[in-house]
Amino acid sequence: MLADRKKHKSILVVDTCPQEDSDEPDQMIVDMLEDTGFDTDKIHFTTVFDHFIEKPSKSMIRKNTHLQDELRRIKPKFVLLVGNTALQAALGKTGIKKERGRPEEIDGTVFYPVYSPAYVGYDERQAPILKMDIVNFQNIVTHGKIPREEGLSVRIVRSLADFRRCVRDLAGIVSYDLETSGLYPWAADAEIRSLGFGTADHQWCIPIHHPDISWTAEEIEYMIDELDQRMQSGEVKLITQNGKFDMLWSRVKYKLRWKMYFDTMLAHYLLDENMNHDLKYLSKIYFNAPDYDVDVEIKQFRGPLNKCCEYQAHDLYYTRKLYFRLKKELKQDLGVQNVFDHILMPCANLFVGIEYRGVFVNHQDFDKAEKHLRAKIADSLKVLGKYADINWGSPKQVGSLLYEKLKLPILVKTKKGAPSAGESALKQIDHPLSKALLEYRGAKQQLSFFIEGWKPYLDKNRLHPSFKLHGTVTGRLSCENPNLQQVPRDPLIRSLITAPPGYTLVEVDLSQIELRIAAHMADEQNLLSAFERGIDAHWLTMTREMGRSGSNAKLVLETASALVQRKVKNFGEAIDIIFEAGPDACAELDPRWKEFRKKAKAINFGYLFGMWWRKFIQYARDNYDVEVTEKEAQDSRISFFDSYPGFEPWHKAQRKFASRHGFVRSLSGRKRRLPDAMSNRDTPEKQEALRQSINAPVQSFANELNLMALLQISEEYPAPICYPVGTVHDACLLEVRDDMVAEVTRRMLKIMEGPDLLKKFDIHLKVGIEGEAKIGPWSKGVSLEKWEKQYAEKV
DNA sequence: TGCTGATGCGCG
DNA sequence: AAAGCGCGCATCAGCA
């Protein structure tokens, strides 16, 4: 009891300044402290300024000595810094968002920054964070110091003798972690600052580049060599947290090709796709670890050596510890365990190579495209300049010009009810300005996304996009820096991506894969038999819809007549003729058929995944300048489900399963957790979850098929014959050595029809899978037949 | 001045 | 009552 009291006396709470009307400390803080178990009567309260002050400036805080006086007078052991001003006055740094919850010890006093109650009042979502921080502060006070992980045993390698001890300790389950100068290994000054290994007994830090340690180049080379030999021995199983990052750096900087055995981030991704997967968060929820996050300076190994190593040691320690825990959790669920073992971990290792290789960019075309876009922007600006001198990139300014100055009718509103200056609005506005503006926006966006946006990442002739295997809740990959998956289909941009001399780019995609999977899952007989007969599903939907609605009668009769070379007068007969002829034959006669098929594609996906007819009206208007009446839209939806009667029962079953169990699974066993689906109330969130229960397994499995094929082809045709360079959801991009293009393409198409891994997952599809290959610069590729002809002529 | 959220648009 | 799903990036506006 006595000890407690003594401790309490040494606590100081620092706010910004007294309130205008009272000298009492802030009530929210007092309440939170008491809720956590503090006796606030025994806590000192003070402020940075001894009088009320509206907005303290940086220099005012610097000049003010009140807090320093208080610190000298009270000599607290624990100081709670409330808000950014207190943080700055006490520690001389700002940035409460970053610093909150990070204790710092100076001369035996622990300073602990938290949000100010004013901020919480302004944004109440921050309240739980403040509360959590206060609890952590209490934890520090009862411990009497910043809690340290007790299992930690840091070993800093300062000599070759240390290093040899380290290598001897590397056996069995070993965590691996690097500290680097940044995130992009191809940056000009990028370097690995420290290698770390976590074993059962120690956390070994090998500071390669730190001001306090100096190695000769030979010594570094020796150590890397020794480590490489140790890894090749097969006696070490490497555990990583987002190890693709560390392995990529290791490969770029030291040509190392180590294999990851288990990645904790990917494991947790499969166990709960809805949460974060960063190590600090995982250590906290699994082991109640303290927040050991530090400034970038220390993360990048520029701070005091022992602090840097201690940080790295935490990463190593928890990564290894997480392995044992997550391994057990995966074991509880055979479905996700399979996805982890046979897809995610192999892909993690494969994608190191994919990112290392990157995609090849044609430099000449790149410069040409830049010039072309700049000219286009200048031209449209010339036109726009006649109307006003404003920032044409600002929707607000454009909006006020359109609707206030020019008094154009407001046809579309934004979600917040403001008059919209978006694409859908501009398309409906009949004014020369809108055309120029649309052109301007398009060119400007292409320039800033794909020309300017790519420049910082260009490493000679290559981009190295980063794929996140944990990037989506459905299991698809996401891609960034830059995002290869959002490159426009416009050949001006897309064809910039190609292959280097001696190699050819091959894109292979799974044709209509989501519809095929849906047909399988729903056991939808009409669609299944359509696929069996080799009919294009979008074409089927399109002709059915036209036959029902009787739209575009003139075109239908004309095309049918041209196809059979006689006058066709009966509409139904004409539709049948068109259906049998297929999209390619019709598109040759009239390009509109291509558009109609595209529209049907959107209808298929929209209605299949729960789109309502209202959205269809908007879609038809925005994309096809077609005004569809409410009745027509409603009918089209009904007609879709009449055409494919298997879908409704399947939708029902998915929804029912999700609302009962709170999750659904894809064919591979991957789980999509949808807790909102279990809600008793019929909220928009629940409806959203129910729609996801239909979409997620389809999207998820489409991606898995694609990855299975990618894994298999890269095993059968490894470098230097074939380099996988990326995926775009249902497509793979490969760079294939010129002399092997036909063989590899043919094999890949075959693999896509049924990857070997399907057997391992015991999946038997009722529907055939087809691949489609395009050979040549991206978006300009040709079919295998065409390519072989051209290639034969060239040789 | 640097962050966050909203918007808009590219892709599947 | 309201109803396709999944992403990343640039830009602007609003705020501290």
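Chain identifiers are assigned alphabetically (A, B, ...) following the order of the sequence lines, protein sequences preceding nucleic acid strands; residue numbering begins at 1 within each chain.
Using a 4.0 Å heavy-atom distance criterion, A:Pro684 is classed as making no nucleic acid contact. No contact: A:Arg681 has no heavy atom under 4.0 Å from any strand. Among the protein residues, A:Arg489 comes within range of the sugar-phosphate backbone only, with heavy atoms under 4.0 Å from sugar or phosphate atoms but none that close to a base. At the heavy-atom level, A:Val698 lies nowhere under 4.0 Å from the strands shown.
With rounding to whole Å, A:Met611 atom CE is found 11 Å from C:dC5 atom P. Rounded to whole Å, atom C1' of C:dG8 lies 14 Å from atom CH2 of A:Trp454. As a whole-Å value, the separation of A:Arg655 CZ from C:dA2 C1' is 12 Å. Between the P atom of C:dA3 and the CZ atom of A:Phe640 lies a distance of 20 Å, rounded to the nearest Å. Summarising the geometry, the separation between OH on A:Tyr119 and C1' on C:dA16 is reported as 9 Å, rounded to the nearest angstrom. As rounded to whole Å, 13 Å separates atom P of C:dA2 from atom CH2 of A:Trp612. Protein atom CG of A:Asp676 is 18 Å distant from nucleotide atom P of C:dA2, rounded to whole Å. As rounded to whole Å, 17 Å separates atom P of C:dA3 from atom CG of A:Asn695.
The separation of B:dG8 from C:dA2, taken at their C1' atoms, amounts to 23 Å, rounded to a whole angstrom. Taking atom C1' in both C:dA1 and B:dC9, the straight-line distance is 29 Å, to the nearest Å.
Salt-bridge formation is not detected for the pair A:Asp272/A:Lys671: no Lys NZ or Arg NE/NH1/NH2 atom is positioned less than 4.0 Å from an Asp or Glu carboxylate oxygen. For the pair A:Asp509 and A:Lys774, the salt-bridge criterion is not met [side-chain N within less than 4.0 Å of a carboxylate O]. Ionic pairing of A:Glu630 and A:Arg614 is present here: one or more N-O contacts between side-chain nitrogen and carboxylate oxygen are shorter than 4.0 angstrom. The pair A:Arg544-A:Asp642 fails the salt-bridge criterion, with no side-chain N (NZ, NE, NH1 or NH2) lying under 4.0 Å from an Asp/Glu carboxylate O. Between A:Glu514 and A:Arg476 a salt bridge is recorded (basic side-chain N to carboxylate O distance below 4.0 Å). The pair A:Lys444-A:Glu439 does not count as a salt bridge, with every side-chain nitrogen at least 4.0 angstrom from each carboxylate oxygen.
Using a distance-only test at 3.5 Å, with no hydrogens or angles considered, a donor-acceptor pair links the side chain of A:Thr541 to the main chain of A:Ala537.
The phosphate of C:dG4 (OP1 or OP2) has a side-chain N or O of A:Lys615 nearer than 4.0 angstrom. Considering only side-chain N and O atoms, A:Gln445 lies nowhere under 4.0 angstrom from the phosphate OP1 or OP2 of B:dG8. Phosphate contact (OP1/OP2 of C:dC5, side-chain N/O of A:Arg691, threshold under 4.0 Å): present.
In the interface, the side chain of A:Asp682 is paired with the base of C:dA1 through a donor and an acceptor atom under 3.5 Å apart. Counting distance only, with no hydrogens placed and no angle test, the side-chain atoms of A:Gln699 and the base atoms of C:dC5 include a donor-acceptor pair under 3.5 Å.
Comparing A:Gln486 and A:Gly610, the nucleotide of DNA chain C nearest to each residue sits closer to the 5' end for A:Gly610.
Closest to the side chain of A:Thr474, out of C:dG6, B:dC3, B:dG12, is C:dG6. Ranking C:dC7, C:dC5, C:dG4 by closeness to the A:Val473 side chain, first place goes to C:dC7. In this structure, of C:dG6, B:dG12, C:dA1, it is C:dA1 that holds the atom nearest to the side chain of A:Gln687. When each of C:dA10, B:dG12, C:dC5 is scored by its nearest atom to the side-chain atoms of A:Asp730, the top-ranked nucleotide is B:dG12.
A side-chain N or O of A:Ser668 and one of A:Glu704 form a donor-acceptor pair less than 3.5 Å apart. A:Glu772 and A:Ser511 share no donor-acceptor pair across their side chains, judged by distance under 3.5 Å alone.
Nucleotide C:dG4 is matched to nothing when pairs are restricted to Watson-Crick or G-U wobble geometry with both distances under 3.5 angstrom.
You cannot call A:Phe609 stacked on the base of C:dG4; the centres under 5.5 Å and planes under 30° rule is not satisfied.
Within a heavy-atom distance below 4.0 Å of DNA chain C, the residues of residues 475-483 of chain A found are A:Arg476, A:Ser478, A:Cys479, A:Glu480, A:Asn481, A:Asn483.
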